[in-house]
Amino acid sequence: MPSLTPNRNIELKARVHSLERVGEICREFAQFSAHERQVDTYFTCQQGRLKLRERGTQAAQLVAYARPDETTPRASDYWLVPVAEPSLLKAALTAALGVRVVVEKDRQVFLYRNVRIHLDRVACLGDFLELEAVLGGQDDEREATRLVAELAQRLGVESSDRVDCSYSDLLLSKTP
């Protein structure tokens, strides 16, 4: 039976000046995992964020998450729910909650220890790096936070490159 408590990870997001260069650095120490085209439909909700993630031929997921808007590595609590009929769920959630914004991105995924390294090209926003240290029951949050900060430095992330919010918020801030 699936857990009724959220998953947890430590995240950091940053703008990158050269996705290709960051990808070259990743190939030196991390394992390439996947290339995905993702469409995230964010719905209006009272707490946290709620999105339907569609990934081409892969199974869709409903993702509910909450995390503070900070530029430092921060904890995120999230639920992933497999979705068998994404178009039907999208129609129902749109009718009930309304769509807040749609984020389209091309994502390269690399893996290093318990960290997912996402290299994202986001439509209308540009290029980004996301680091997500996935926490299991025995993992130490302080160690995960240290590892994320270390990887950010290794990948050339400057403090001025760090982003404190989601892609959805960045897109909404561009809308008049």
Side-chain angles (χ1 to χ4, degrees), residues 6-20 22-23 34-56 58-83 85-110 115-135 145 148-149 151-152 155-176:
N7 297 301
R8 190 166 179 91
N9 66 22
I10 303 298
E11 298 183 12
L12 179 88
K13 182 181 305 196
R15 290 185 181 278
V16 295
H17 306 288
S18 172
L19 211 53
E20 292 73 21
V22 175
H35 182 254
E36 302 175 341
R37 173 81 177 137
Q38 297 181 352
V39 177
D40 292 343
T41 303
Y42 283 79
F43 299 95
T44 304
C45 61
Q46 296 296 314
Q47 293 178 221
R49 295 176 177 98
L50 179 67
K51 65 185 175 184
L52 175 64
R53 170 162 290 160
E54 297 173 278
R55 304 177 299 171
Q58 294 185 26
Q61 298 173 312
L62 185 66
V63 182
Y65 67 101
R67 72 155 189 263
D69 289 339
E70 299 173 356
T71 58
T72 57
R74 71 255 193 204
S76 176
D77 294 320
Y78 63 96
W79 287 263
L80 297 175
V81 181
V83 175
E85 297 187 44
S87 57
L88 184 58
L89 180 61
K90 186 189 298 186
L93 290 174
T94 298
L97 302 174
V99 172
R100 191 160 184 251
V101 70
V102 176
V103 176
E104 298 180 36
K105 63 181 170 273
D106 286 309
R107 170 171 280 179
Q108 294 178 65
V109 182
F110 291 85
V115 179
R116 293 184 302 228
I117 303 168
H118 300 156
L119 305 184
D120 293 337
R121 180 155 284 149
V122 184
C124 301
L125 291 179
D127 296 340
F128 295 84
L129 163 70
E130 281 186 346
L131 301 170
E132 295 181 350
V134 180
L135 300 174
T145 300
V148 166
L151 286 174
L155 294 168
V157 173
E158 301 289 335
S159 59
S160 60
D161 298 327
R162 294 180 180 198
V163 175
D164 67 351
C165 59
S166 73
Y167 296 137
S168 63
D169 296 331
L170 291 173
L171 276 175
L172 288 168
S173 71
K174 292 182 71 158
T175 305

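Nearest heavy atom pair, residue A75 against residue P68, reads O-CD, 3.4 Å. Nearest heavy atom pair, residue F128 against residue V163, reads CE2-CG2, 4.0 Å. Annotation for L125 and R15: closest pair O-NH1, 3.4 Å, computed over non-hydrogen atoms. Taking each heavy atom of A152 and L131 in turn, the nearest pair found is N-CD1, 3.6 Å. The minimum heavy-atom distance between V148 and A133, with the atom names listed, is CG2-CB, 3.7 Å.
The shortest side-chain heavy-atom distance between Q108 and F110 falls under the 4.5 Å cut-off. L129 has its side chain out of reach of D161: every pair of non-hydrogen atoms, C-beta onward, lies at least 4.5 Å apart. Within the 4.5 Å cutoff, the side chain of T71 has no heavy atoms near those of the S159 side chain. Residues V122 and V103 are in side-chain contact: their nearest non-hydrogen atoms beyond the backbone lie under 4.5 Å apart. The closest side-chain heavy-atom distance from Y78 to P6 is not below 4.5 Å.
We find the CG-OG1 distance between L89 and T41 to be 10.0 Å, quoted to the nearest 0.5 Å. If you take OG1 on T145 and CD1 on I10, they are separated by 4.0 Å, rounding to the nearest 0.5 Å. One finds the CD atom of E70 at 12.5 Å from the SG atom of C165 (value rounded to the nearest 0.5 Å). In this structure, SG in C124 is found 12.0 Å from CG in L170, a value given to the nearest 0.5 Å. The CG atom of N7 sits 9.5 Å away from atom CG of L135, with the distance rounded to the nearest 0.5 Å. Taken to the nearest 0.5 Å, the CD atom of E104 stands 10.0 Å off from the CD atom of E54.
With sequence neighbours left out, E132 forms a side-chain hydrogen bond (donor to acceptor under 3.5 Å, both in side chains) with R116. In this structure D77 satisfies the salt bridge (charged side-chain N to carboxylate O under 4.0 Å, His left out) test together with R8, sequence neighbours excluded. Residues passing the salt bridge (charged side-chain N to carboxylate O under 4.0 Å, His left out) test with R74, sequence neighbours excluded: none. Applying the side-chain hydrogen bond (donor to acceptor under 3.5 Å, both in side chains) test to S76 and every residue at least two apart in sequence or in another chain returns E11. For D40, the salt bridge (charged side-chain N to carboxylate O under 4.0 Å, His left out) partners two or more places apart in sequence, or in a different chain, are K51, R53, K105. In this view, D106 and R37 satisfy the salt bridge (charged side-chain N to carboxylate O under 4.0 Å, His left out) rule, not counting sequence neighbours. Listed by chain and residue number, nothing satisfies the side-chain contact (heavy atoms from CB on, under 4.5 Å) test with Q47 (two or more places apart in sequence, or in another chain). With sequence neighbours excluded, the residues forming a side-chain contact (heavy atoms from CB on, under 4.5 Å) with T44 are R100, listed by chain and number. Annotation: ring pair (Phe, Tyr, Trp, His ring centres under 6.0 Å) contacts of Y42 (sequence neighbours excluded): none. Partners of D120 under the side-chain hydrogen bond (donor to acceptor under 3.5 Å, both in side chains) rule, at least two apart in sequence or in another chain, are R107, Y167. Annotation: side-chain contact (heavy atoms from CB on, under 4.5 Å) contacts of L97 (sequence neighbours excluded): F43, L50, L93. Legend: residues meeting side-chain hydrogen bond (donor to acceptor under 3.5 Å, both in side chains) with S166, ordered by chain and number and at least two apart, are R49, S168, D169.
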